[in-house]
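The next block holds one structure in the form of structure tokens; read it before the comments.
These values consider heavy atoms only, across backbone and side chains, with no hydrogens, waters or symmetry-generated copies.
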Amino acid sequence: MIFTILKVIGIILLVVLALILTALLCVLFVPVKYRAVGSFDNTDIRAKAHVSWLFHLFALHIEYAQETDGYIRLAFVKKKLFDNYEALDDDDMDEAAKTETEDKVSENTGDEPKTPADESEHVVDEQTENESIAQNPNEQRTVTDENQHIKQQTKPTHQKTYKKPHKKSHKKQFKDKSEKIKNCIYKLKREYSDERNKAAFLHLKKELFIILKRICPRRLKLTMVYSTGSPDTTGISLGILACFPVGYTNRWRITPDFESEKPYAKGSFDIKGHVIVISILAATLRILFDKNCRRLYNRISR
């Protein structure tokens, strides 16, 4: 009996360990795939981006046209990322509050809501004027007081009454950030000039290039027709684009328009690639465990 219980417990532990090991291997070796496609016509840009992992069991999808839309899916549960609705502005809220106040006043006085009418309907006969004059003054005062009380209760409550937090001026914020950047650059120059730290910089350069190579897309297609509005600048820009070998490897189709007198650009693109976590993690660990990199980090962080 005891051996049977121990056997069952051992089997359960082995199953749990196997599940944990399988999940760990999936995280490390199953690639995270991404793709982005779209088109553009001057300022009219339409694009779709999709990221998936583990046979699309986990996915992230974002679309952009006139509005941004997207969702995230975990197994069979889907959740939207953006709520596309138009909020009422201050003028609309004021108008709604005013309409509500007039409705309450009309209910209190027993009057009908105001509706547009012809000029003949606006003429008041003498009998109606006499009846309004003959009305009791005390009743008029009571109705007026009640109307004022209703207006005070139905004032717009959307106005913000909190105090704005004290913020630094933009000039001071820019000055502080520029000083931090200058200090960081000065420290890097000082450490790079040291012979003992050059090995650390070379190692960092090598590992960062490996990480960028693993992240960069495997396919980058581009089809474009463009013009700068002038034949000479159109030819110069085409020569600059031809200097990048990424265009030849991905077979870009770029067609210059030398006859157009207006600048424009229209076309489509397709970006596709994947990232394997184990390769990024291995490069990061090689940087962290390198003694030269650790010494450089300690010197800069002082």
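A distance of 10.0 Å separates CD in Glu207 from CG in Leu285, rounded to the nearest 0.5 Å. If you take OH on Tyr71 and NZ on Lys79, they are separated by 15.5 Å, rounding to the nearest 0.5 Å. Between the CZ atom of Arg73 and the CZ atom of Phe58 there is a distance of 10.5 Å, given to the nearest 0.5 Å. To the nearest 0.5 Å, the span separating NZ on Lys205 from CG on Leu202 amounts to 7.5 Å. Rounding to the nearest 0.5 Å places CZ of Phe289 at 11.0 Å from OG1 of Thr284.
One hydrophobic cluster holds both Ile276 and Leu21 under the rule that ILVMFWY side chains link at heavy-atom gaps under 4.5 Å. Connection of Ile240 to Leu222 is established within a shared hydrophobic cluster, with ILVMFWY side chains joined at heavy-atom distances below 4.5 Å, either directly or through further cluster members. Both Phe269 and Trp252 belong to a common hydrophobic cluster when Ile, Leu, Val, Met, Phe, Trp and Tyr are linked at side-chain heavy-atom distances under 4.5 angstrom.
Contact check for Tyr34 versus Leu60: no side-chain heavy atoms found under the 4.5 Å cut-off. Looking at Leu204 and Leu296, their side chains come closer than 4.5 Å, going by heavy atoms from C-beta outward.
With Asp270 as reference, Arg219 is the one residue of Lys221, Arg219, Arg251 to meet the salt bridge (charged side-chain N to carboxylate O under 4.0 Å, His left out) rule.
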Assess the residue pair Ile215 and Ile280 against the criterion (side-chain contact (heavy atoms from CB on, under 4.5 Å)); give the C-alpha distance rounded to whole Å, side-chain angles, the decisive distance to 0.1 Å, and a yes or no. CA-CA 9 Å; Ile215 295 176; Ile280 309 299; 4.0 Å; yes

Please determine whether side-chain contact (heavy atoms from CB on, under 4.5 Å) holds for the pair Lys272 and Val37, giving the CA-CA distance in whole Å, both sets of side-chain angles, and the decisive distance to 0.1 Å. CA-CA 9 Å; Lys272 186 177 181 180; Val37 296; over 6 Å; no

Can Trp53 and Val27 be said to form a side-chain contact (heavy atoms from CB on, under 4.5 Å), step by step? CA-CA 9 Å; Trp53 177 69; Val27 171; 4.0 Å; yes

Test side-chain contact (heavy atoms from CB on, under 4.5 Å) on Asn197 and Arg295; report intermediate values, then the result. CA-CA 8 Å; Asn197 296 327; Arg295 183 179 60 189; 4.0 Å; yes

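Separation of the His56 and His50 ring centroids falls under the 6.0 Å cut-off.
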